[in-house]
Student: 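Sharing a structure with you now.
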Amino acid sequence: QVQLVESGGGLVQAGGSLRLSCAASGRTFSSVAMGWFRQAPGKERELVAVIVAIGSSVYLSDSVKGRFTISRDNAKNMLYLQMNSLKPEDTAVYSCAASRYRGLATTSKDFTSWGQGTQVTVSS
């Protein structure tokens, strides 16, 4: 089991940037894919980005492609989400999650551990 704690959320103006971090504890971090989800009020949880356990293969949702970058540092047990050119519609609670698989996973049921989330608010 991986324990996850997010940080880096906040209030930013449209067009600005934020970098989210996710600190993981547990020996399995480097052996599983990791993802970022977000959930806005009144909306379903949305998968934003996924990165494989080892290597550079990633998945980015169409809504963030070209603006967000997901990365990880297995030596530090850290996951990151660099968010640029933020839009008001990016406002949500962002959570990191650990997959049950090493490769790309693109549905919620593929993820077994979740952080508590960090709020991102983008003002227009």
Side-chain angles (χ1 to χ4, degrees):
Q1 193 79 0
V2 179
Q3 287 76 47
L4 305 169
V5 179
E6 302 92 340
S7 62
L11 174 64
V12 64
Q13 289 188 334
S17 297
L18 281 175
R19 188 195 197 202
L20 304 184
S21 298
C22 174
S25 61
R27 293 178 294 175
T28 61
F29 176 79
S30 61
S31 63
V32 296
M34 295 293 297
W36 286 99
F37 289 78
R38 68 185 181 186
Q39 187 165 21
K43 295 188 176 181
E44 292 188 357
R45 184 166 56 194
E46 174 190 7
L47 176 62
V48 174
V50 181
I51 186 167
V52 297
I54 304 293
S56 57
S57 293
V58 302
Y59 162 85
L60 291 168
S61 69
D62 288 342
S63 61
V64 306
K65 202 170 294 182
R67 300 187 298 121
F68 291 12
T69 303
I70 185 172
S71 61
R72 66 190 296 165
D73 185 335
N74 286 343
K76 296 181 179 179
N77 275 17
M78 293 294 295
L79 176 72
Y80 306 101
L81 185 68
Q82 178 67 44
M83 306 185 295
N84 299 328
S85 302
L86 282 161
K87 305 175 181 180
E89 51 264 43
D90 295 318
T91 295
V93 174
Y94 285 71
S95 300
C96 60
S99 171
R100 67 179 79 238
Y101 305 120
R102 297 180 65 87
L104 287 178
T106 58
T107 63
S108 296
K109 65 179 178 62
D110 295 328
F111 292 82
T112 58
S113 300
W114 299 80
Q116 84 289 350
T118 185
Q119 176 70 47
V120 171
T121 303
V122 184
S123 63
S124 57

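All residue numbers refer to positions in the sequence shown, counting from 1. What's counted below: heavy atoms across the whole structure, side chains too, no hydrogens, waters or symmetry copies.
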Student: Looking at residues at least two apart in the chain, or sitting in another chain, which of them share a salt bridge (Lys or Arg N to Asp or Glu O under 4.0 Å) with Glu89?
Tutor: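 Checked Glu89 against salt bridge (Lys or Arg N to Asp or Glu O under 4.0 Å); zero matches.
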
Student: Could you list all the ring pair (Phe, Tyr, Trp, His ring centres under 6.0 Å) pairs where at least one residue sits in residues 1-25, not counting sequence neighbours?
Tutor: none

Student: In chain order, what residues pass the side-chain contact (heavy atoms from CB on, under 4.5 Å) check against Ser71, with sequence neighbours excluded?
Tutor: Tyr80

Student: Could you work out, with salt bridge (Lys or Arg N to Asp or Glu O under 4.0 Å) as the rule, every residue matching Arg67, not counting sequence neighbours?
Tutor: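 Applying salt bridge (Lys or Arg N to Asp or Glu O under 4.0 Å) to Arg67 gives Asp90.
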
Student: Are the side chain of Gln116 and the backbone of Val5 linked by a donor-acceptor contact shorter than 3.5 Å?
Tutor: no

Student: Looking only at non-hydrogen atoms, find the nearest pair between Ala98 and Val2 and report the distance.
Tutor: CB-CB, 4.2 Å

Student: Any chance you could pull the hydrophobic cluster mates of Leu47, using side-chain heavy atoms under 4.5 angstrom and chaining through other members?
Tutor: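 Phe37, Val50, Val52, Tyr59, Leu104, Phe111, Trp114, which link up through side-chain heavy atoms under 4.5 Å apart, make up the rest of the cluster.
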
Student: Report, one line per pair, each donor and acceptor closer than 3.5 Å where one atom sits in a side chain of residues 117-124; sequence neighbours left out.
Tutor:
| from | atom 1 | to | atom 2 | distance (Å) |
| --- | --- | --- | --- | --- |
| Thr118 | OG1 | Gly9 | N | 3.2 |
| Gln119 | NE2 | Ala92 | O | 3.4 |
| Gln119 | NE2 | Thr121 | OG1 | 3.3 |

Student: Report the residues that fulfil salt bridge (Lys or Arg N to Asp or Glu O under 4.0 Å) with Asp110, sequence neighbours left out, ordered by chain and then residue number.
Tutor: none

Student: How long is the gap from OG on Ser30 to CG on Asn77, to the nearest 0.5 Å?
Tutor: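 So the gap between those two atoms works out to 7.0 Å.
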
Student: Of all residues at least two apart in sequence or in a different chain, which pass the salt bridge (Lys or Arg N to Asp or Glu O under 4.0 Å) check with Lys109?
Tutor: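 Here no residue qualifies.
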
Student: Nearest 0.5 Å, what's the OG-NZ distance between Ser63 and Lys87?
Tutor: 8.5 Å

Student: Quick check: closest heavy atoms across Ala53 and Ser31, and the distance to 0.1 Å?
Tutor: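 The pair with the smallest heavy-atom distance is CB-C, 3.5 Å.
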
Student: Can you sort out the partners of Thr28 under side-chain hydrogen bond (donor to acceptor under 3.5 Å, both in side chains), two or more places apart, ordered by chain and number?
Tutor: none

Student: How would you list all residue pairs meeting ring pair (Phe, Tyr, Trp, His ring centres under 6.0 Å) that involve residues 5-32, not counting sequence neighbours?
Tutor: none

Student: Can you list every salt bridge (Lys or Arg N to Asp or Glu O under 4.0 Å) pair that touches residues 41-54, not counting sequence neighbours?
Tutor: Arg38-Glu46

Student: Give, for atom CD1 of Ile51 and atom CE of Met34, the distance between the pair rounded to the nearest 0.5 Å.
Tutor: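 Between Ile51 CD1 and Met34 CE, I get 10.0 Å after rounding to 0.5 Å.
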
Student: At what distance, to the nearest 0.5 angstrom, does CD1 of Ile70 lie from OG of Ser56?
Tutor: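 So the CD1 of Ile70 and the OG of Ser56 are separated by 12.0 Å.
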
Student: For the OH atom of Tyr101 and the OG1 atom of Thr112, what is their distance to the nearest 0.5 Å?
Tutor: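 It is 10.0 Å, given to the nearest 0.5 Å.
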
Student: Side-chain atoms of residues 11-26: list all donor-acceptor pairs with protein atoms under 3.5 Å, sequence neighbours left out, distances to 0.1 Å.
Tutor:
| from | atom 1 | to | atom 2 | distance (Å) |
| --- | --- | --- | --- | --- |
| Ser17 | OG | Asn84 | OD1 | 2.9 |
| Ser25 | OG | Gln3 | OE1 | 3.1 |

Student: Testing the basics here: between Leu60 and Phe68, what is the closest heavy-atom pair and its distance to 0.1 Å?
Tutor: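 Nearest heavy atoms, Leu60 then Phe68: CD1-O, 3.5 Å.
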
Student: Working to the nearest 0.5 Å, report the span between CG of Leu4 and SG of Cys96.
Tutor: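 One finds 4.0 Å between CG of Leu4 and SG of Cys96.
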
Student: Is Val32 reachable from Val58 through a run of hydrophobic residues whose side-chain heavy atoms are each under 4.5 Å from the next?
Tutor: yes

